[in-house]
Amino acid sequence: LEELSGSDAGDGAVVRGNTIEDVRRLGPDRPGTAIALRPNLGGTDSAAEVADNSFAGLDIAVTHPKGDTADIDRSELATVVVDNQNNLQRIFTPTIQSAITAAGNSGSGDTIEIGPGTFDESVTIDEAGITLNGPNAGTPGASTRVEEGTIERTVVIDGVSGVTLDGLKIAEESQTLDAGVSIRPGSSGASGITVTNTVIDGMSAPGGGGIGDFTFGILSFGGTISDVTVTDNQITNIGTNTETQGVAVSLEKLNGSEAGDGAVVRGNTIETVSTKDARPGTGVALRPNLEGTDSAAEVADNSFAGLD
């Protein structure tokens with residue numbers, strides 16, 4: 001719908017109660033889209049109300065210009081602000097992964113705002129400069145929080161830099177996993193990665209780092225990292241006693257000449273990390289020695305309980 005006119009949401013159009021499924025894409029930069037509000041051809045306001053629709057089998061649920069009066073029901077839809085042909089858009093997607101794809105099509109530096117609810121998906125961030133903000137962005141993991149936006153599997157930061165996770169909850173649904181958050185720098189390394197104000201809970205399945213009897217909360221492996229920040233998170237119930245060794249935060253190949261250049265791990269609440277045989281449940285493990293690089297880490301003001 002284009003050139004919707006009106007001063008209030010719903011004056012131009014009401015799109016409500018529709019079931020919209022299986023909308024095809026034409027290549028990665030031409031996404032299958034359910035509802036597109038396009039006021040800019042004539043410069044009028046979109047003035048739409050979109051609510052109580054269901055979406056499946058498509059890339060974008062709703063797209064509309066940022067700053068107009070459209071009223072969009074966000075129920076369990078991720079949103080991402082993207083620059084679409086030089087017009088700032090708000091794009092509402094049915095999954096976080098499709099939001100990342102939309103952000104990648106617009107260039108780096110986009111913010112994905114994740115609403116409250118449960119997202120049953122594993123998320124791979126393979127575009128630089130992406131920020132994932134949950135409903136509790138800015139609120140420490142151990143503080144009183146509003147309803148979470150929960151990713152029920154894992155988040156993988158795959159070969160890119162400049163990524164921020166803020167105010168999410170990551171809670172494993174039983175599966176073989178790398179970690180709650182897995183940082184894979186790749187051969188060229190990665191920098192500027194932040195995990196903050198996030199709850200990581202109940203990582204129990206084995207498979208971290210390709211090792212069958214480890215479980216990690218946050219794990220980096222496979223390349224050098226620098227300027228990594230892990231702050232104000234709550235990381236609990238990592239591993240299963242006698243079955244997997246739990247490590248809440250494991251960072252390897254930290255690069256830098258001074259403490260903090262590689263990573264800062266500060267202000268986290270880390271509790272209940274499992275032991276396997278004689279291998280201790282561990283809060284923070286710094287593992288630079290595979291290639292002999294400096295650990296370059298600062299670890300301070302964290303609290304620990306229920307671990308070795």
Side-chain angles (χ1 to χ4, degrees), residues 111 125 129-145 148 151 154-157 160-171 178-185 189-203 208-209 215-221 223-239 246-273 280-289 293-308:
T111 297
I125 302 172
I130 296 290
T131 295
L132 263 60
N133 280 343
N136 288 289
T139 302
S143 297
T144 301
R145 293 159 66 95
E148 300 282 0
I151 299 171
T154 63
V155 177
V156 177
I157 301 170
V160 294
S161 296
V163 171
T164 296
L165 310 180
D166 190 348
L168 299 168
K169 181 175 181 180
I170 301 169
D178 284 327
V181 177
S182 179
I183 303 168
R184 302 178 183 175
S191 65
I193 293 171
T194 297
V195 182
T196 188
N197 304 313
T198 289
V199 173
I200 300 174
D201 180 65
M203 300 292 117
T215 302
F216 297 94
I218 298 172
L219 169 67
S220 77
F221 70 98
T224 59
I225 57 174
S226 61
D227 190 25
V228 170
T229 302
V230 178
T231 55
D232 297 319
N233 303 289
Q234 179 174 281
I235 306 172
T236 55
N237 299 308
I238 306 301
V247 182
V249 179
S250 179
L251 305 174
E252 79 173 28
K253 301 184 187 178
L254 307 184
N255 196 22
S257 59
E258 297 181 7
D261 287 351
V264 173
V265 183
R266 179 183 291 275
N268 302 284
T269 299
I270 299 175
E271 298 179 351
T272 315
V273 183
T282 302
V284 180
L286 307 174
R287 300 181 293 114
N289 293 328
T293 55
D294 195 285
S295 67
E298 176 188 339
V299 181
D301 302 324
N302 302 284
S303 67
F304 304 96
L307 49 79
D308 300 305

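Heavy atoms only: backbone and side chains are in, while hydrogens, waters and symmetry mates are out.
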- Message: So which atom in G283 and which in A248 form the shortest heavy-atom distance, rounded to 0.1 Å?
- Response: O-CB, 3.2 Å
- How many angstroms lie between atom CG of L251 and atom OG of S220, to the nearest 0.5 angstrom? 4.5 Å
Would you tabulate the side-chain donor-acceptor contacts of residues 162-170 under 3.5 Å, counting partners in other chains and residues two or more places apart, or write 'none'?
residue, atom, partner, partner atom, Å
D166, OD1, G138, N, 3.0
D166, OD1, N197, ND2, 2.9

- Query: For the atom pair OG1 (T196) and CG (N233), what is the distance rounded to the nearest 0.5 Å?
  - Reply: 5.5 Å
- Task: Measure the shortest side-chain to side-chain distance between I225 and K253 over non-hydrogen atoms and say whether it is less than 4.5 angstrom.
- Result: no
- Note on the structure: For T269 and A142 the tightest heavy-atom approach is OG1-CB, 3.6 Å
- Rounded distance (nearest 0.5 Å) linking atom CD of Q234 with atom CG of D201: 7.5 Å
- Decide yes or no for T282 and L307: does some side-chain heavy atom of the first lie under 4.5 Å from some side-chain heavy atom of the second? no
- Note on the structure: For D301, the salt bridge (charged side-chain N to carboxylate O under 4.0 Å, His left out) test, sequence neighbours excluded, returns R266
- Message: Looking at every heavy atom in both G256 and D261, which two are closest together, and how far apart are they?
- Response: CA-CB, 3.6 Å
- Message: Could you tell me if the side chain of L286 sits less than 4.5 Å from the side chain of V299, heavy atoms only?
- Response: yes
- Task: Determine whether V195 and I218 make a side-chain contact, defined as any pair of heavy atoms from C-beta on separated by less than 4.5 Å.
- Result: yes
- Any side-chain donor paired with an acceptor under 3.5 Å for T131 and T111? no
- Take L219 and V181, measure what side-chain contact (heavy atoms from CB on, under 4.5 Å) needs, and give me the verdict at the end. CA-CA 6 Å; L219 169 67; V181 177; over 6 Å; no
- Less than 4.5 Å apart, any side-chain heavy atom of I193 and any of I157? yes
- Message: Does any part of the side chain of V264, heavy atoms only, come nearer than 4.5 Å to the side chain of V230, both counted from C-beta?
- Response: no
- Message: Assess the residue pair F221 and I183 against the criterion (side-chain contact (heavy atoms from CB on, under 4.5 Å)); give the C-alpha distance rounded to whole Å, side-chain angles, the decisive distance to 0.1 Å, and a yes or no.
- Response: CA-CA 7 Å; F221 70 98; I183 303 168; over 6 Å; no
- Applying salt bridge (charged side-chain N to carboxylate O under 4.0 Å, His left out) to E148 and not counting sequence neighbours gives R145
- What is the distance from atom CD1 of I235 to atom CZ of F304, rounded to the nearest 0.5 Å? 9.5 Å
- Kindly compute the distance separating OG1 (T215) from CG (N237), expressed to the nearest 0.5 Å. 12.0 Å
- Hey, could you give me the OG/CD1 distance between S161 and I130, rounded to the nearest 0.5 Å? 12.5 Å
